[in-house]
Novice: 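Before I ask anything, here is the structure I am working with.
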Protein chains: 2
Amino acid sequence: MSDLLERLRGRGWRMTAQRRVVAEVLEGDHVHLTADEVHARAVDRLPEISRATVYNTLGEMVSLGEVIEVSTDRRAKRYDPNAHRPHHHLVCARCGAIRDVHPSGNPLADLPDDERFGFTVSDVEVTYRGICPNCSATA
Amino acid sequence: MSDLLERLRGRGWRMTAQRRVVAEVLEGDHVHLTADEVHARAVDRLPEISRATVYNTLGEMVSLGEVIEVSTDRRAKRYDPNAHRPHHHLVCARCGAIRDVHPSGNPLADLPDDERFGFTVSDVEVTYRGICPNCSATA
DNA sequence: TGTTTGACTTGGACAAAGTCCATTGTAGGA
DNA sequence: TCCTACAATGGACTTTGTCCAAGTCAAACA
Ligand SMILES: [Mn+2]
Ligand SMILES: [Mn+2]
Ligand SMILES: [Zn+2]
Ligand SMILES: [Zn+2]
């Protein structure tokens with residue numbers, strides 16, 4: 001079954017067909033779908049689900065910390081169910097494929113005090129860019 | 001005068017009042033304006049400059065490598081004239097202030113081979129987030 | 001099991017950021 | 001000074017997302 005769905009149910013969510021379908025669409029690893037992609041796949045299972053509901057539901061999942069918003073390009077935000085293991089992203093510059101990555105080391109420690117300008121720095125977001133094996137092959 | 005302007009002139013750009021004004025607006029350090037902010041400031045100097053021209057001009061500067069596009073939030077892209085010294089960004093989560101930062105170490109080296117999934121990784125983008133001194137004070 | 005009700009869903013209007021294009025204007029060379 | 005290729009303009013259009021009033025329904029409770 002759906003891990004995500006289980007966690008949400010455990011938080012006292014009212015369960016509706018729409019929410020179930022959105023959670024099911026987000027199952028898996030290296031999943032980073034846009035809201036419209038989620039909507040398209042949700043419609044396959046539940047034809048009349050609305051765009052507004054998909055946005056609402058994703059927003060709530062994000063608020064609950066069960067889904068992460070990822071912006072690797074300047075297009076649509078992507079929704080990532082891998083919320084419980086901190087990670088960064090590796091993006092193909094050609095086709096947009098996205099993989100979760102776990103760098104060694106802590107980039108926060110790499111920011112010297114004299115480069116902090118008095119900020120209280122609490123978080124760092126890293127995006128690696130390159131060419132995926134698929135795109136390399138079909139050069 | 002304008003370094004940016006000089007570099008652009010040196011590349012054989014046809015010089016127009018509009019391009020001059022956009023380049024002048026982008027002078028300085030830690031400058032990360034949105035296209036609309038650039039437009040607003042350009043209008044102060046040249047009232048009839050159009051939005052389309054600002055977008056076109058910024059896009060060309062980016063193509064020439066004289067300006068960098070930065071997306072620290074999911075709002076508008078920001079345009080950064082500091083294109084000749086590689087750097088990352090430190091962003092205030094409350095007010096959005098942005099500073100250029102130069103971390104020690106190379107985050108690219110922190111990505112182990114078994115986390116590269118066969119990608120040819122060529123670039124990394126790092127965004128630090130925190131609270132600026134100003135926002136800390138007016139807590 | 002039927003009723004009730006507040007939470008959820010819906011479709012459409014609206015907004016922000018950006019692109020595209022036909023038309024008009026002009027920088028800079030001949 | 002004249003020409004013309006390149007640049008500027010403004011408005012229509014697109015994408016991504018938010019907001020709202022009205023209708024629907026999950027689930028608590030009797
Ligand atoms: Mn991820
Ligand atoms: Mn910068
Ligand atoms: Zn690829
Ligand atoms: Zn601040």
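Because the structure is predicted, anything quoted here is derived from the model rather than measured. Each chain gets a letter, A, B and so on, in the order the sequences are listed, and its residues count up from 1. All values below come from the heavy atoms of this structure, side chains included, with hydrogens, waters and symmetry mates left out.
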Novice: How would you give the extent of chain B contacts on DNA chain C, as first and last nucleotide 5' to 3' within a 4.0 Å heavy-atom cut-off?
Specialist: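 On DNA chain C, the outermost contacted nucleotides are C/dA17 to C/dG28.
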Novice: Would you find more than 12 non-hydrogen atoms of other residues, nucleotides or ligands less than 6.0 Å from B/R41 atom CZ?
Specialist: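 No, CZ of B/R41 has 12 or fewer neighbouring heavy atoms, counting only those of other groups under 6.0 Å.
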Novice: Starting from the 5' end of DNA chain C, give me the residue, A/W13 or B/W13, whose nearest nucleotide shows up first.
Specialist: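 So the residue in question is A/W13.
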Novice: For the pair B/R85 and B/D100, find out whether any cationic side-chain nitrogen is under 4.0 Å from an anionic carboxylate oxygen.
Specialist: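 Looking at B/R85 and B/D100, the cut-off is not met.
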Novice: In whole Å, I'd like the distance from the CZ atom of A/R75 to the P atom of D/dT14.
Specialist: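 Roughly 14 Å, once rounded to whole Å.
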Novice: Polar-atom pairs under 3.5 Å, protein N or O versus N or O of nucleotides 8-13 of chain D: list them with distances, or write none.
Specialist:
from: D/dA8; atom 1: OP1; to: B/T16; atom 2: OG1; distance (Å): 2.8
from: D/dA8; atom 1: O3'; to: B/Q18; atom 2: NE2; distance (Å): 2.8
from: D/dT9; atom 1: OP1; to: B/Q18; atom 2: NE2; distance (Å): 3.3
from: D/dT9; atom 1: OP1; to: B/E48; atom 2: O; distance (Å): 3.0
from: D/dT9; atom 1: OP2; to: B/S50; atom 2: N; distance (Å): 2.9
from: D/dT9; atom 1: OP2; to: B/S50; atom 2: OG; distance (Å): 3.2
from: D/dT9; atom 1: OP2; to: B/T53; atom 2: OG1; distance (Å): 2.7

Novice: Measure the distance from OH on A/Y55 to C1' on D/dC19 and round it to the nearest whole Å.
Specialist: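 About 13 Å, once rounded to whole Å.
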Novice: Does A/R11 come within less than 4.0 Å of A/E66, counting only side-chain N to carboxylate O?
Specialist: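 A/E66 and A/R11: salt-bridged.
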Novice: Looking at B/R99 and A/E115, is any side-chain nitrogen of the basic one under 4.0 Å from a carboxylate oxygen of the acidic one?
Specialist: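 Between B/R99 and A/E115 there is no salt bridge, as every charged N stays at least 4.0 Å from the carboxylate O atoms.
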Novice: At what distance, to the nearest 0.5 angstrom, does CG of A/L58 lie from NZ of A/K77?
Specialist: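 Interatomic distance, A/L58 CG to A/K77 NZ, rounded to 0.5 Å: 10.0 Å.
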Novice: Could you tell me the separation between the CE atom of B/M15 and the P atom of D/dC6, rounded to a whole number of Å?
Specialist: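 Rounded to the whole Å, the gap is 16 Å.
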Novice: Give, for atom CZ of A/F117 and atom CD1 of B/I98, the distance between the pair rounded to the nearest 0.5 Å.
Specialist: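 So the CZ of A/F117 and the CD1 of B/I98 are separated by 13.0 Å.
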Novice: Considering just the side-chain nitrogens and oxygens of A/R14, establish if one lies under 4.0 Å of OP1 or OP2 belonging to D/dC25.
Specialist: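 Answer is no, no contact under 4.0 Å.
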Novice: Roughly, in whole Å, what's the span from CG in A/L33 to C1' in D/dT16?
Specialist: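 It works out to 16 Å between those atoms.
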Novice: Would you mind reading off the distance between A/L58 atom CG and D/dT18 atom P, rounded to a whole angstrom?
Specialist: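 My rounded result for the distance is 10 Å.
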Novice: Please round to the nearest 0.5 Å and tell me the distance separating atom OG1 of A/T53 and atom CD of A/E48.
Specialist: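 If we round to the nearest 0.5 Å, A/T53:OG1 and A/E48:CD are 11.5 Å apart.
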Novice: Are B/R74 and A/E69 ion-paired here, with the side-chain N under 4.0 Å from a carboxylate O?
Specialist: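 Looking at B/R74 and A/E69, the cut-off is not met.
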